[in-house]
Chemist: 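One structure, pasted below without further comment.
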Amino acid sequence: TAALASWGRAGAMEPAEAERLGPLLLQRSQEAKVAAYCPYSRFAVGAALLTASGQIFSGCNVENACYSLGVCAERTAIQKAVSEGHTSFKAMAIASDHEDNFIVPCGACRQVMREFGRDWDVYLTKPDGTYIVKRLEELLPLSFGPEDLRK
């Protein structure tokens with residue numbers, strides 16, 4: 001992980017933070033993609049997750065001959081962060097080699113991401129460096145989360 005300046009609030013990045021840290025997240029997601037283990041789909045994905053404490057955790061997809069046992073890059077990054085004690089996130093960037101469309105997280109990843117809040121940014125990228133930023137809440141509207149179990 002790489003330590004960055006700490007800011008104590010969870011949720012999305014402020015505009016100045018996004019301007020400063022967005023390019024770093026994009027770069028780290030591209031770097032993570034290189035390590036992807038995807039001999040079956042040949043669809044390499046990398047993710048970089050920014051914690052509220054300013055650390056970045058990266059992850060790649062890891063496939064398995066028993067297809068259902070593979071894990072996506074987004075979940076790998078989240079599991080690495082959680083295993084190190086981080087559960088509050090500000091942003092995630094996702095990268096692939098898919099040139100025609102912005103890469104988006106699958107439904108399972110969106111639900112895992114939602115476990116840790118709705119108020120964070122997700123950078124959806126293309127290999128040419130273009131990207132769009134969506135709020136997790138936009139990617140998983142009307143979602144079910146931990147607070148629903150306390151009702």
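All values below were derived from every heavy atom in this structure, side-chain atoms included, with hydrogens, water molecules and symmetry-related copies excluded. The residues of the chain are indexed from 1 along the displayed sequence. Quick caveat: nothing in here was measured; it's all calculated off a predicted structure.
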Chemist: Measure the spacing between NE2 of H86 and CZ of F57 and express it to the nearest 0.5 Å.
Modeler: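 Rounded to the nearest 0.5 Å, the NE2-CZ separation comes out at 4.0 Å.
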Chemist: Under the 3.5 angstrom rule, does the side chain of E63 hit a backbone N or O of Y40 as a donor-acceptor pair?
Modeler: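 Between the backbone of Y40 and the side chain of E63 there is a qualifying donor-acceptor contact (under 3.5 Å).
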Chemist: Is the side chain of R28 donor-acceptor paired with the backbone N or O of S58 at a distance under 3.5 Å, no angle test?
Modeler: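 Flag not set: sc R28 to bb S58 has no pair under 3.5 Å.
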Chemist: I'd like to know if the side chain of E115 and the backbone of G145 have a donor-acceptor N/O pair within less than 3.5 Å.
Modeler: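 Checking the backbone N and O of G145 against the side chain of E115, no donor-acceptor pair under 3.5 Å is found.
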Chemist: Please check this pair: side chain of T130 against backbone of K126, looking for a donor-acceptor N/O pair closer than 3.5 Å.
Modeler: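 Not a single qualifying donor-acceptor pair exists.
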Chemist: Which pair of non-hydrogen atoms, one from A93 and one from S29, has the smallest distance, and what is that distance?
Modeler: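 Nearest pair, atom of A93 first, then S29: O-CB, 3.4 Å.
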Chemist: How about W120 and M92: do any of their side-chain heavy atoms sit closer than 4.5 Å?
Modeler: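 A side-chain contact exists here, since the closest heavy-atom pair is under 4.5 Å.
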Chemist: Taking the basic N atoms (NZ, or NE/NH1/NH2) and the acidic carboxylate oxygens, is any pair closer than 4.0 Å for K134 and D121?
Modeler: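 No, K134 and D121 are not salt-bridged.
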Chemist: Over all heavy atoms of both residues, which pair between P127 and Q30 is shortest? Give the atoms and the distance, please.
Modeler: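 Closest approach of P127 to Q30, heavy atoms only: CA-NE2, 4.3 Å.
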Chemist: Do the side chains of I56 and L24 get nearer than 4.5 Å, heavy atoms only?
Modeler: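 Result yes, sub-4.5 Å side-chain heavy-atom pair found.
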Chemist: So, E147 and R114, do they make that salt bridge, N to O below 4.0 Å?
Modeler: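 The answer is yes: the pair qualifies as a salt bridge.
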Chemist: What are the two closest heavy atoms between A47 and A32, and how far apart are they?
Modeler: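 Shortest heavy-atom contact: O-CB, 3.9 Å.
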Chemist: Can E31 and Q27 be said to form a side chain to side chain donor-acceptor pair (under 3.5 Å), step by step?
Modeler: CA-CA 6 Å; E31 292 169 357; Q27 175 188 340; 2.8 Å; yes
Chemist: Are V71 and I78 in one and the same hydrophobic cluster, where Ile, Leu, Val, Met, Phe, Trp and Tyr link if side-chain heavy atoms are under 4.5 Å apart?
Modeler: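 They do not share one cluster, since no chain of ILVMFWY contacts under 4.5 Å joins V71 to I78.
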Chemist: Dump the intermediate steps for side-chain contact (heavy atoms from CB on, under 4.5 Å) on L26 and Y131, then the final yes or no.
Modeler: CA-CA 9 Å; L26 297 172; Y131 66 91; 3.6 Å; yes
Chemist: Nearest 0.5 Å, what's the CZ-CD distance between R110 and E137?
Modeler: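 Rounded to the nearest 0.5 Å, the CZ-CD separation comes out at 13.5 Å.
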Chemist: Under the 3.5 angstrom rule, does the side chain of N61 hit a backbone N or O of A73 as a donor-acceptor pair?
Modeler: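 Here the side-chain-to-backbone pair does not exist.
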Chemist: Can you name the closest pair of heavy atoms from I94 and V122 and give their distance?
Modeler: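 Scanning both residues, the minimum pair turns out to be CD1-CG1, 3.8 Å.
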Chemist: Within the 4.5 Å heavy-atom criterion, are E99 and D128 side-chain neighbours or not?
Modeler: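 Not touching, per the 4.5 Å side-chain cut-off.
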Chemist: Grab the two heavy atoms, one from L124 and one from F102, that are nearest each other, plus how far apart they are.
Modeler: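 In this case the closest contact between L124 and F102 is O-CD2, 3.3 Å.
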Chemist: Anything under 30° is parallel, anything over 60° is perpendicular, the rest tilted; go ahead and classify F116 against F89.
Modeler: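 Because their plane-to-plane angle is over 60°, the rings of F116 and F89 count as perpendicular.
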Chemist: Is the side chain of S96 donor-acceptor paired with the backbone N or O of I103 at a distance under 3.5 Å, no angle test?
Modeler: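 A pair under 3.5 Å: no.
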Chemist: Any donor and acceptor pair, going by atom type alone, linking the side chain of Q111 with main-chain N or O of F144 inside 3.5 Å?
Modeler: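 It does hold such a pair.
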Chemist: Please verify the inter-ring angle class for F43 with H98; under 30° counts as parallel, over 60° as perpendicular, anything in between as tilted.
Modeler: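 Ring orientation of F43 relative to H98: perpendicular.
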Chemist: Look at the side-chain heavy atoms of Ile, Leu, Val, Met, Phe, Trp and Tyr, link any pair under 4.5 Å apart, and say whether L140 and I132 land in one connected group.
Modeler: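 Each belongs to a different hydrophobic cluster.
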Chemist: Begin from the C-alpha positions of K33 and C60 and carry the test side-chain contact (heavy atoms from CB on, under 4.5 Å) through to its verdict.
Modeler: CA-CA 6 Å; K33 180 185 63 163; C60 62; over 6 Å; no
Chemist: What pair of heavy atoms forms the shortest contact from A91 to L25, and how long is it?
Modeler: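 Shortest heavy-atom separation between A91 and L25 comes out as CB-CD1, 3.7 Å.
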Chemist: Taking the side chain as every heavy atom from C-beta outward, state whether C38 and V62 have any atom pair closer than 4.5 Å.
Modeler: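 Counting from C-beta outward, C38 and V62 never come under 4.5 Å.
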